Asks: 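Please see the structure below; I have some questions.
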Amino acid sequence: MDYLKELNKSQHEAVVETNGPALIIAGAGSGKTRVLTYRIAHLLNQGARPSAILALTFTNKAAREMKERISEIVGENTARYLWMGTFHSIFLRMLRAEHEVIGYPSNFTIYDASDSRSLIKTIIKGFQLDDKTYKPGVVSSRISMAKNNLITPQAYAQNSEVRLADKSMRMPAIAEIYKEYAKRCFLSGAMDFDDLLLKTNLLFRDRPEILEKYQQRFTHILVDEYQDTNYAQYLIIKKLAVHHKNICVVGDDAQSIYSFRGARIENILNFQKDYPSHKIFKLEQNYRSTQTIVNAANSIIAKNKRQIPKTVFSEKDRGNNIKVISALTDNEEGFLVAQEIAQTQLRDHYRNLDYAILYRTNAQSRIFEEALRKRNIPYKIYGGLSFYQRKEIKDLLAYFRLIINPWDNEALKRIINYPARGIGQTTLAKLETAAVNAEVSIWKMISGMPENNPMNLNKGIIAKVLKFRGLIQGFAKIAIENDAFDTAKTIAEETGILKELYSDKSTEGLSRHDNIQELLNGIQEFTLNAKEEGRPDKLENFLEDVALLTDQDTDKDEDKDKVTLMTVHSAKGLEFKNVFVVGLEDNLFPSAQASEKKSAEALEEERRLFYVALTRARENAWLSYASQRYKWGKLDFGSPSRFLIEMDEQYLDGDEIGGSTSASQNPFQQQQVPGNRQITGSKRQPVTPGIRRSTDFVSRKLIEARKANQPGTGFESDDPNKIMQGMTVEHQRFGEGKVLKIEGVPPNKKATVFFKNAGQKQLLLKFAKLKIKG
DNA sequence: CATCGAATACTTTTT
DNA sequence: GTATTCGATG
């Protein structure tokens, strides 16, 4: 078998020793995916049936890529029968197959995070609780925590530990909210993400014969990214593996960075205890990064107490030292990063796709976007609001959802008055209250009309509601008889959504129209593929695919040669020649309250996050931070991350970019504040408290710096008071425009401007960057 | 009931 | 800076 020759010794062992429990510790860049794919291919070559192999990943993308690579070895006709996918998609498939047992319709809806948040909000309102104490986000994460730990609403109510925690947060009613939430989801025929795992567990608990069926079916189970599994996932795997015990988990405890969504690093740490007869394989050679990067990353997590001992090493060159970018302001940070990209590109002939900028939060991307745009460096951003989260897309999808599953209350509430058809909040509230009281879905309530009218709606309103009902019923019929694309097109046209967006000539309106078109194109592609491959091509089938899809999963051609901007979390599993880790103040966590003491575990995870970020780089890494940045309109002072300060000198480049050495290029040099972080000799000093006391001095210097034609800004506003009606002005993003109206008094003075390229905009003058042209 | 403008809150990370 | 919500007005 040729493919085995491509493996080193430990990789080879991990691939061929397929009997019994196996723990594969795969350090960053150690060829994990290769081992996993070859192991599966090897199983198949040894005669295992593909449908008996269950392989679980964390992202659709990982599953797809692995499937492709396995196809190349064993052929597509074998690979297609593998049970390979994300935890959520595999168990969704299982739950749909077993829907009768759990009392759900087969076409149950998946509520995404915003659906479940809005339902929680409704419940909080219905209970007449104060939504300032009961923040939907917090309540939602409590419920999610409960589900991930398999605590049902009944168990929650009796669990003194969680109840006590709720009380200490002054939210004793969470148990009630959870119960109501679960009930309403059930009445809507809906599950949220966490339900997919919870209900699978309950199914296995309550129906041993079904568990038995799957235990027999899967002779081999493989789990990728095992360090990121939560309790619910852990238990599913454990139960399924009972019979054959051929469970192979792959992961790296050093890359466990998902505790916030319930991931338990204990799962991988305790695997050896769970399965005493296990074999352990350690993939320790890093084929990705230079020695400098590997060693620097190792040095960071070396301080962590809880980890599986291993020595990750690289046999590549020592490579360049890691460069430090020390910027005074956020804008300067963006400028310096863009400048570094441009300079290294010229010098070393890198392409745009060789670069990634990694940050902690999506909101940090803007500064770098602007800086790259100014230099005409093409870039792409992952994360932020995904395609499927845009309003117009969610609206159209809500129609689809309601047609497939009319019980879906969240979908119904979204569209019953979109486009406007005279069914307002009051009517909707009446309908919902009546539905809740009768313990049915809103649609059931509407179905009983006009004979049943417990909420005293007047004739005109009833007529409007019935018209809506007829519309949906008509669509439902079309959906049964036609393929997904025809149905979707009919809906988009007949509801008037397409027309409404088409007539909206503003920039937003145009892009919304484009998005709808793109969705329709996607559905068309789905339909064509389905027809070709003989799969069902109905709207229902499209919707199943789309529920668990994120747009991280789609790679577009036009995105080929671009600089990548993404969060450290979403960069996991990827690699780039050159990586900028930016916003490195206060433990890579800009919004952390400096005073709040972090638990030891949280600090260890911060280290691992840093480790993940650094090990994405093949050749060069930059670490950058800004001393001052604007955070919700106010100046915020940051000290460099403790990891930067702790890191051994030998890995760092002595010439700090934007620091003391590049004075000639850096107009900020003169404004550098005494006491700010500088390299003096070989020992760097952390920021002294003194800097915080001299706030006035610093902000005065900062304002001066901004006035002195700061490189990162490049566009200075003229005095807002001088902007008058009729003037021609230039905006930094929208281009040239004419001032139609000025209104309000400072600081809320506003201008209505008509831009040639961007249409009419209202701008708040204290923020908008406008220059007077004539 | 819809629309507009003003006030307010909001920022980890994601299947 | 932006998204969302609330209240006044038509």
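Here is the naming used below: chain letters follow the sequence lines, and residue numbers restart at 1 for every chain. Because only heavy atoms are used, hydrogens play no part in the values below, and waters and symmetry mates are left out as well, while side chains stay in. All values derive from a computational prediction rather than experimental measurement.
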Asks: Given the ring of A/Tyr234, does A/Arg264 sit roughly above its face, with NZ or CZ under 6.0 Å from the centre of the six-membered ring and within 45° of the axis?
Replies: no
Asks: Can you name the closest pair of heavy atoms from A/Thr86 and A/Thr59 and give their distance?
Replies: CG2-C, 3.3 Å
Asks: Could you tell me the separation between the OH atom of A/Tyr226 and the C1' atom of B/dT15, rounded to a whole number of Å?
Replies: 18 Å
Asks: If you check the A/Thr426 side chain, which of B/dC1, B/dT14, B/dT11 turns out closest?
Replies: B/dC1
Asks: Strictly below 4.0 Å: does A/Asn60 bring a side-chain N or O up to OP1 or OP2 of B/dT15?
Replies: no
Asks: Can you tell me if the side-chain N/O atoms of A/Thr567 get under 4.0 Å from OP1 or OP2 in B/dT14?
Replies: yes
Asks: Atom CG of A/Asn331 and atom P of C/dG1: how far apart are they, to the nearest Å?
Replies: 11 Å
Asks: Name the nucleic acid region contacted by A/Asn417, choosing base, sugar-phosphate or nothing; use a 4.0 angstrom heavy-atom cut-off, strictly under.
Replies: sugar-phosphate
Asks: From the options B/dT11, B/dC10, B/dT13, select the nucleotide whose nearest atom is closest to the side chain of A/Ala363.
Replies: B/dT11
Asks: Round to a whole Å and report the spacing from CD1 of A/Ile367 to P of C/dG1.
Replies: 11 Å
Asks: Quick one: side chain to side chain contact (heavy atoms under 4.5 Å, CB included) partners of A/Thr615, sequence neighbours excluded?
Replies: A/Ala28, A/Ala297, A/Tyr611
Asks: Taking only residues two or more places apart in sequence or in another chain, which ones pass side chain to side chain contact (heavy atoms under 4.5 Å, CB included) with A/Ser256?
Replies: A/Gln227, A/Asp228, A/Ile265, A/Arg608
Asks: Think A/Asn362 has a side-chain N or O under 4.0 angstrom from the OP1 or OP2 of B/dT14?
Replies: yes
Asks: Can you name the ring pair (Phe, Tyr, Trp, His ring centres under 6.0 Å) partners of A/Tyr258, sequence neighbours left out?
Replies: A/Phe260, A/His569
Asks: Which residue lies toward the 5' end of DNA chain B, A/Ala113 or A/Leu428, if each is placed at its nearest nucleotide?
Replies: A/Leu428
Asks: Closest approach to the side chain of A/Ile461, judged atom by atom: which nucleotide of B/dC1, B/dT13, B/dC10 is it?
Replies: B/dC1
Asks: Which part of the nucleic acid does A/Lys464 contact within heavy-atom distance under 4.0 Å: base, sugar-phosphate only, or nothing?
Replies: nothing
Asks: Starting from C1' on B/dA9, measure out to CZ on A/Arg117 and report it in whole angstrom.
Replies: 12 Å
Asks: Once you round it to whole Å, what is the distance between C1' of B/dT13 and OH of A/Tyr359?
Replies: 12 Å
Asks: For a quick check under 3.5 Å, do A/Asp408 and A/Ser188 share a side-chain donor-acceptor pair by atom type?
Replies: no
Asks: Heavy atoms only, 4.0 Å cut-off, all strands: where does A/Phe193 land among base, sugar-phosphate and nothing?
Replies: base
Asks: If you pin A/Arg261 and A/Gly422 to their nearest nucleotides in DNA chain B, which one's is more 5'?
Replies: A/Gly422
Asks: To the side chain of A/Lys135, which of B/dT13, B/dC10, C/dT2 is closest?
Replies: B/dC10
Asks: Does one side chain, of A/Ser641 or A/Glu585, offer a donor that lies under 3.5 Å from an acceptor on the other?
Replies: no
Asks: Between the protein and nucleotides 4-7 of chain C, which nitrogen or oxygen pairs come in under 3.5 angstrom?
Replies:
from, atom 1, to, atom 2, distance (Å)
C/dT5, OP1, A/Lys121, NZ, 2.6

Asks: Would you measure the distance from the C1' atom in C/dT4 across to the matching atom in B/dT13 and give it in whole Å?
Replies: 23 Å
Asks: So what does A/Thr427 hit on the nucleic acid, given a heavy-atom distance under 4.0 Å: a base, only sugar-phosphate, or nothing?
Replies: sugar-phosphate
Asks: When the distance from NZ of A/Lys61 to P of B/dT14 is rounded to whole Å, what number comes out?
Replies: 13 Å
Asks: Would you kindly give the OH-to-C1' distance between A/Tyr258 and B/dT12, to the nearest whole Å?
Replies: 12 Å
Asks: Considering residues at least two apart in sequence or located in another chain, which fulfil the side chain to side chain contact (heavy atoms under 4.5 Å, CB included) criterion with A/Ala182?
Replies: A/Pro153
Asks: Looking at A/Thr59, I'd like to know whether one of its side-chain N or O atoms comes within less than 4.0 Å of OP1 or OP2 on B/dT14.
Replies: no
Asks: Check whether the aromatic ring of A/Phe260 stacks on the base of B/dT12, taking stacking as ring centres less than 5.5 Å apart and planes within 30° of each other.
Replies: no
Asks: What pairs with A/Arg414 under salt bridge (charged side-chain N to carboxylate O under 4.0 Å, His left out), at least two apart in sequence or on another chain?
Replies: A/Asp395
Asks: Does A/Phe87 reach a base, just sugar-phosphate, or nothing at all? Heavy atoms under 4.0 Å.
Replies: nothing
Asks: Measuring from the side chain of A/Thr86 (C-beta onward, heavy atoms only), which nucleotide among B/dC10, B/dT14, B/dT15 has the closest atom?
Replies: B/dT15
Asks: Rounded to the nearest angstrom, tell me the gap between atom CD in A/Glu606 and atom P in B/dT12.
Replies: 13 Å
